[in-house]
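Working notes for the structure below.
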Amino acid sequence: MPASFPAARYRRTRQSAAIRGLVRENTLTTDDLIWPVFVRDGEGVEEPVPSMPGVVRRSVDKIVEAAIEAHALGIPAVCLFPYTDPSLKTEDCAEAWNPDNLSNRAIRAIKAAVPDLLVMTDVALDPYNINGHDGYVVDGEIVNDETVEALVKMTMAQADAGADIIGPSDMMDGRIGAMRSALESAGHKNVMILSYAAKYASAFYGPFRDAVGASGALKGDKKTYQMDPANSDEALRLIERDLNEGADMVMVKPGMPYLDICRRAKDTFGAPTYAYQVSGEYAMIQAAAQNGWLDGEKAMLESLMCFKRAGCDGVLTYFAPAVARILNGR
Ligand code: PBG
């Protein structure tokens, strides 16, 4: 039984910055950040993404500059997403495992320039698929097992290029086990897998699909492979499954509307747990800030702290460099 008033005055421990600091339960540091970045072809290019104010698509040389900056800011990892030229999108998605595709060239360039910065990748067919889906479409069905074979080839090309963390975002069944055993067989025993284990079929991915040029291509929705936002127990079964198949870390995505899932995941498994503060979450905060309806900086910091409170070990966020600058200034 907590003491009653006036023995207990909870405002006592909120009266000054010093005591608030002393009783604070969670902290946000640059160690908690993974920065998702968009790569495009060309040289010297930084092309704004209109639906994500402050976010640009960078050519490989500019990605390297960004990686150097991220490392200097203390950000431990970047996550690469390619904007693929529409002419390279095909039915068989072969560009996905081309050793010299945009993403693999960017991995090599970053690892050559900043070897200590972790490079995470995205594994899914959507940037390379003529119909915008994460898997092969056969007679209107997104087929699982054939897709997993393609994803394994994609994974191996990324690992060969020097990726540190493989990020399967496709939500096919059995992919983590297949990737793990292929990595082990090829001697990539230290390559990590951060599974998008609980990824929901969400409206909050809209701006991202603009950023990677998948919005136009996508026919239909992703509900036969991404999760129903109404489900929570299912997320735990998927996380347990992926950990058993060899995932080192797991992710919940989107982030802020799914903090309950983060907390359940952490409490149940105690595994390294991450949330993806997705493009739509970023766009909402930026749009409101641009209109003067929110204090953008405060909303950004609060949104990120909430992931820590919910049990996450870190967060993928487009705010990473902005928040790192603030954290470093303190
Ligand atoms: C695609 C992928 C998506 C995101 C990351 N990887 C979009 C989707 O599933 O349609 C979303 C990221 C974001 O919205 O910021 N496999």
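We count ligands from 1, going down the list as the structure has it; atoms in each ligand are counted the same way. Predicted, not measured: the structure shown is a model, and the values here were computed from it. Computed from heavy atoms alone, side chains included, the values below leave out hydrogens, waters and symmetry copies.
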With a 6.0 Å cut-off (strictly less than), is the heavy-atom count around CD of Glu91, excluding the residue itself, greater than 12?
no
Between Arg180 and Asp248, is there a side-chain N and carboxylate O pair less than 4.0 Å apart?
yes
Identity and separation of the nearest protein heavy atom to atom 2 (C) of ligand 1:
Lys199 NZ, 3.3 Å
For the backbone of Pro127 and the side chain of Thr84, can you confirm whether one donor and one acceptor N or O come within less than 3.5 Å of each other?
yes
I want to know if ligand 1 touches Tyr196 in the polar sense, i.e. an N/O pair below 3.5 angstrom.
no
Identity of the nearest option to atom 15 (O) of ligand 1, non-hydrogen atoms only, from Tyr205, Tyr282, Tyr318
Tyr318
Atom CZ of Arg11 with >12 non-hydrogen neighbours under 6.0 angstrom:
no
May I ask you to list the atoms of ligand 1 that are less than 4.0 angstrom from any heavy atom of Lys222?
8 (C), 9 (O), 10 (O)
Is any side-chain heavy atom of Tyr282 closer than 4.5 Å to one of Pro207?
no
Nearest-neighbour protein heavy atom for atom 1 (C) of ligand 1, which is reported as residue plus atom name and distance:
Asp126 OD2, 2.8 Å
Tell me whether Arg237 is salt-bridged to Asp242, with the criterion being a basic N under 4.0 Å from an acidic carboxylate O.
no
Can you list the atoms of ligand 1 that are under 4.0 Å from a heavy atom of Asp134?
1 (C), 16 (N)
Would you say the side chain of Tyr128 lies within less than 4.5 Å of the side chain of Leu88, judging by non-hydrogen atoms?
no
Measure the spacing between CD of Glu302 and CE of Met305 and express it to the nearest 0.5 Å.
10.0 Å
Near Tyr276, which atoms of ligand 1 are under 4.0 Å from a heavy atom of that residue?
12 (C), 15 (O)
Counting each atom of ligand 1 from 1 as listed, which ones have a heavy atom of Ala124 under 4.0 Å away?
16 (N)
Heavy atom of the protein closest to atom 14 (O) of ligand 1 (residue, atom name, distance)
Ser279 OG, 2.7 Å
If the contact criterion is a heavy-atom separation under 4.0 Å, does Gln277 count as touching ligand 1?
no
Would you please classify the geometry between the Phe208 ring and the Phe81 ring as parallel, tilted or perpendicular, with 30° and 60° separating the classes?
perpendicular
Students should be able to answer this: which protein heavy-atom is nearest to atom 12 (C) of ligand 1, and at what distance?
Phe208 CD1, 3.3 Å
Element-labelled atoms of ligand 1 that are located less than 4.0 Å from some non-hydrogen atom of Arg209
8 (C), 10 (O)
Ranked by distance from atom 16 (N) of ligand 1, the top protein heavy atom is Ser169 OG, 2.8 Å
If you define the side chain from C-beta out and look only at heavy atoms, does anything of Asp134 sit under 4.5 Å from Tyr225?
yes
Minimum-distance protein heavy atom relative to atom 6 (N) of ligand 1
Lys253 NZ, 3.4 Å
Below 4.0 angstrom from a heavy atom of Asp122, which ligand 1 atoms are there? Numbered from 1 as shown, please.
6 (N)
